[in-house]
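One structure below.
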Amino acid sequence: MKDDNRDSHDNRDSHDNHGSNDNDLVERIYQDLRNGIVQETIKPDQKLSETTLSRSYNCSRTPIREAFKRLQYEGLLLTIPKSGTYVRKETPAQLVEIEQVRTYLEKLAFRLAIKTITPRELAEQAERVEKMQHLLDQPTFSPREFSEVHFAYHRGLIEASRNDLLCRTFDGLNLRYSNLFQEGAGTSMAVVRTSNREHALILEALKAGDCALGEDLIETHLWKHKKIRNKYPVDL
């Protein structure tokens with residue numbers, strides 16, 4: 001009986017380890033593809049082949065499909081029936097619409113946050129500005145890391161508004177994965193440095209309770225000097 005129990009336990013451990021390995025592989029494929037899409041080494045509209053990727057990772061198609069599902073959920077991939085899976089491309093019109101809505105959402109969030117933001121949240125925002133500056137000062141710049149902190153800074157302002165509808169609307173724009181948030185990925189480093197100086201100025205205006213200045217800074221930061229506005233001019 002003891003031998004049978006040991007064999008059963010060993011088989012269960014083997015199965016659990018195999019499942020863990022499968023999950024690790026899906027995570028690796030997902031991260032590789034996500035980073036490639038965000039940094040545009042995998043281009044918008046590019047078709048992704050399950051067969052080619054399964055060969056590259058020396059695996060079946062199942063982990064590839066699982067990674068695809070996660071990326072589709074995040075809005076990074078699009079599957080077209082009888083055609084295939086493609087990297088989602090935001091059209092110029094969509095980018096303009098997103099940035100217009102985002103600008104007004106963050107201006108409203110600033111107005112509300114003046115009355116509701118806590119000292120702890122102000123400290124967290126300051127830490128994010130410092131973290132972005134630290135990343136900018138590194139010999140090798142990481143667009144992925146910068147973009148994660150960058151998103152956290154803007155999401156932090158939204159959260160400080162204490163307006164659930166505003167938060168849900170902001171999240172519905174799926175900005176975490178939009179190339180509007182990928183500062184440093186194909187962008188001039190001078191522009192990225194200016195962007196972080198603006199983050200600091202917005203935070204100072206928030207601390208000072210200066211609504212007019214803060215809203216003006218946000219409009220400048222998100223819209224007025226952006227490449228998208230220069231290329232597709234629309235008055236706000």
Side-chain angles (χ1 to χ4, degrees), residues 11-102 135 138-152 154-155 168-189 191-192 195 226-228 231-232:
N11 288 338
R12 185 169 63 252
D13 285 348
S14 175
H15 177 74
D16 290 344
N17 289 335
H18 180 67
S20 177
N21 290 338
D22 287 346
N23 291 336
D24 289 345
L25 178 59
V26 171
E27 179 67 20
R28 180 159 69 92
I29 295 168
Y30 159 77
Q31 290 291 349
D32 287 349
L33 293 176
R34 182 185 179 279
N35 290 340
I37 292 168
V38 166
Q39 297 177 26
E40 294 193 349
T41 55
I42 303 174
K43 301 297 183 184
D45 270 350
Q46 182 173 329
K47 185 175 181 178
L48 300 183
S49 166
E50 290 181 4
T51 301
T52 301
L53 287 168
S54 64
R55 288 174 184 159
S56 297
Y57 287 94
N58 193 27
C59 65
S60 69
R61 295 188 184 187
T62 301
I64 307 299
R65 289 170 181 163
E66 289 300 312
F68 277 9
K69 285 179 184 177
R70 291 177 64 180
L71 294 164
Q72 286 168 348
Y73 177 77
E74 292 175 358
L76 292 175
L77 295 183
L78 174 67
T79 296
I80 301 175
K82 299 182 181 180
S83 179
T85 300
Y86 298 83
V87 177
R88 185 183 292 274
K89 179 181 180 181
E90 293 165 323
T91 67
Q94 288 171 328
L95 290 173
V96 168
E97 289 172 357
I98 290 169
E99 200 69 327
Q100 285 176 313
V101 172
R102 177 189 167 198
L135 291 169
Q138 296 307 300
T140 301
F141 179 68
S142 171
R144 180 184 63 80
E145 288 185 75
F146 186 92
S147 295
E148 288 176 357
V149 185
H150 180 206
F151 177 82
H154 286 274
R155 187 62 174 76
R168 292 197 302 274
T169 304
F170 182 87
D171 289 342
L173 297 177
N174 201 30
L175 286 167
R176 183 187 295 274
Y177 308 103
S178 171
N179 62 10
L180 289 172
F181 252 98
Q182 307 314 317
E183 295 278 13
T187 303
S188 161
M189 290 305 297
V191 171
V192 183
S195 174
K226 293 295 185 181
K227 290 188 297 182
I228 184 173
K231 192 170 183 180
Y232 311 106

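Here, residue 1 is the first one in the sequence, and each next residue gets the next number.
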Heavy-atom check, side chain of Thr79 versus side chain of Phe68, under 4.5 Å: no
Parallel, tilted or perpendicular: rings of His150 and Phe146 (30°, 60°): tilted
Flag, side chain of Ser195 to backbone of Val191, donor-acceptor distance under 3.5 Å: no
Pairwise side-chain contact, Ile37 with Arg88, heavy-atom cut-off 4.5 Å (strictly under): no
Interatomic distance, Arg55 atom CZ to Arg61 atom CZ [nearest 0.5 angstrom]: 8.5 Å
Glu27/Arg70 salt bridge by N-O under 4.0 Å criterion: yes
Separation between CD1 of Ile98 and CD of Gln100, rounded to the nearest 0.5 Å: 10.5 Å
CG-CD distance between Leu77 and Gln46, expressed to the nearest 0.5 angstrom: 10.5 Å
Spacing of OG1 belonging to Thr169 relative to CZ belonging to Arg102, to within rounding of 0.5 Å: 15.0 Å
Spacing of Ile64 atom CD1 and Leu53 atom CG [to the nearest 0.5 Å]: 5.0 Å
Minimum heavy-atom distance Ala67-Ile29, with the two atoms named: CB-CG2, 3.7 Å
Side-chain heavy-atom pair Leu71, Leu48 within 4.5 angstrom cut-off: no
Heavy-atom closest pair, residues Ser60 and Ser54: O-CB, 3.8 Å
Minimal non-hydrogen separation, Leu25 against Pro63, with atom names: CD2-CG, 3.9 Å
Point-to-point distance, once rounded to the nearest 0.5 Å, from CG of Leu33 to CZ of Arg28: 11.0 Å
